[in-house]
Amino acid sequence: MRTQIAAANWKMNLTFQQGEKLLDQILAAKIKMKDHQKTIFAVPFPYLTMARSEVAEEKNYYVAAQNCNHRKSGAFTGEISAEMLHSLNITYCIIGHSERRQYFFETNTMLAEKINLCIENFITPIFCCGEALAIRESGTQNEFVAQQLKESLFHLPAEQIKQIVVAYEPIWAIGTGKTATTEQAQEMHEYLRSIIAGQYNKDIANEVPILYGGSVKANNARELFTCPDVDGGLVGGASLVGQDFVEIMRSLK
Ligand code: PEP
């Protein structure tokens, strides 16, 4: 079975102590990940090492950064490079979250550079794509996300695209409490898989996990994850509540 992932995105929330407590609470639930399942915690930069040691003994639990810079190194005060993440043994990084695209003006081209740097540094990118409400309402969401993948991912050779995790996150569903229906999620995930198959081939497309993100909660995760092309979720708000995230982890196929 394709890898199924419950990924928590803490964003700019929680103090160090609150984060530590939340991880303790989640780990206390002792959820065993099956071979094809993973749990990933995308935590703020200063918490990466703490989170990594918290999950060190757990099978298939990982830590992710929420971003990295699109340049290799240099005079960019306050920025964090993929190489720095690698030096902390961090193996996942969210790339192109819609909040970064919106508030930090990240473009598809810039994201392609981040993807390359992650791969060079043995970091699996969790590449976010997704349309705003106006695009959904105009019915052009497929073309929009296809362009995001084309400009940020499709320069990669087949061997490398297999290392990517894609997260479809319709912007109108992020933090709004408005979740895509299972039909909308399945339709888009199937479409994303078909364009990856078109660019590479069907076998490769079948290996790429495609997560859904956008108001995934303890009470809707199972239904969303049942969709054949939905391989888990990237979870914001509900990942900050221990019991809720545990329930989401339990909902993985
Ligand atoms: C996210 O931040 O990626 C996200 C999907 O947030 P939320 O679950 O709060 O909608």
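For ligands, and for the atoms within them, numbers begin at 1 and follow the listed sequence.
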**Asked** For ligand 1, which atoms, with element, lie under 4.0 Å from some heavy atom of Gly214?
**Response** 5 (C), 10 (O)

**Message:** Looking only at distances, can you tell me whether any N or O atom of Lys217, backbone or side chain, sits closer than 3.5 Å to an N or O atom of ligand 1?
**Reply:** no

**Asked** Is there a path from Ile174 to Met188 through hydrophobic residues (I, L, V, M, F, W, Y) whose side chains come within less than 4.5 Å of each other?
**Response** no

**Request:** Inspect the surroundings of NZ in Lys72 and state if more than 12 heavy atoms from other residues, nucleotides or ligands are less than 6.0 Å away.
**Result:** no

**Prompt:** Under 6.0 Å from the CD atom of Glu223, do we count more than 12 heavy atoms belonging to anything else shown?
**Reply:** no

**Message:** Counting non-hydrogen protein atoms only, what is the nearest one to atom 9 (O) of ligand 1? Give residue, atom name and distance.
**Reply:** Gly237 N, 2.8 Å

**Item:** Closest protein heavy atom (residue, atom, distance) for atom 3 (O) of ligand 1
**Value:** Glu169 OE2, 2.7 Å

**Close N or O approach (Gly236, ligand 1; < 3.5 Å)** = yes

**Request:** Could you list which atoms of ligand 1 come closer than 4.0 Å to a heavy atom of Ala173?
**Result:** 10 (O)

**Complete:** Sorted by chain and residue number, the ring pair (Phe, Tyr, Trp, His ring centres under 6.0 Å) partners of His189 (sequence neighbours excluded) come out as Tyr168

**Prompt:** What protein heavy atom is closest to atom 1 (C) of ligand 1, reported as residue, atom name and distance in Å?
**Reply:** His97 NE2, 3.2 Å

**Prompt:** Looking at Gly175, which atoms of ligand 1 are within less than 4.0 Å of one of its heavy atoms?
**Reply:** 7 (P), 9 (O), 10 (O)

Tabulate below the donor-acceptor pairs under 3.5 Å that side-chain atoms of residues 241-253 make, not counting sequence neighbours, or state none.
{"residue": "Ser251", "atom": "OG", "partner": "Glu247", "partner atom": "O", "Å": "2.8"}
{"residue": "Lys253", "atom": "NZ", "partner": "Phe225", "partner atom": "O", "Å": "2.5"}
{"residue": "Lys253", "atom": "NZ", "partner": "Cys227", "partner atom": "O", "Å": "2.8"}
{"residue": "Lys253", "atom": "NZ", "partner": "Val230", "partner atom": "O", "Å": "2.7"}

**Message:** So if I apply the side-chain contact (heavy atoms from CB on, under 4.5 Å) rule between Ile40 and each of Val165, Val63, Ile126, Thr124, which one comes out positive?
**Reply:** Ile126

**Request:** Say whether Thr176, considering both its backbone and side-chain N or O atoms, lies within less than 3.5 Å of an N or O atom on ligand 1.
**Result:** no

**Message:** Please report whether ligand 1 has a polar contact with Glu99, defined as an N or O pair separated by less than 3.5 Å (distance criterion only).
**Reply:** no

**Prompt:** If you draw a 6.0 Å radius around CD in Gln186, do more than 12 non-hydrogen atoms from other residues or ligands fall strictly inside?
**Reply:** yes

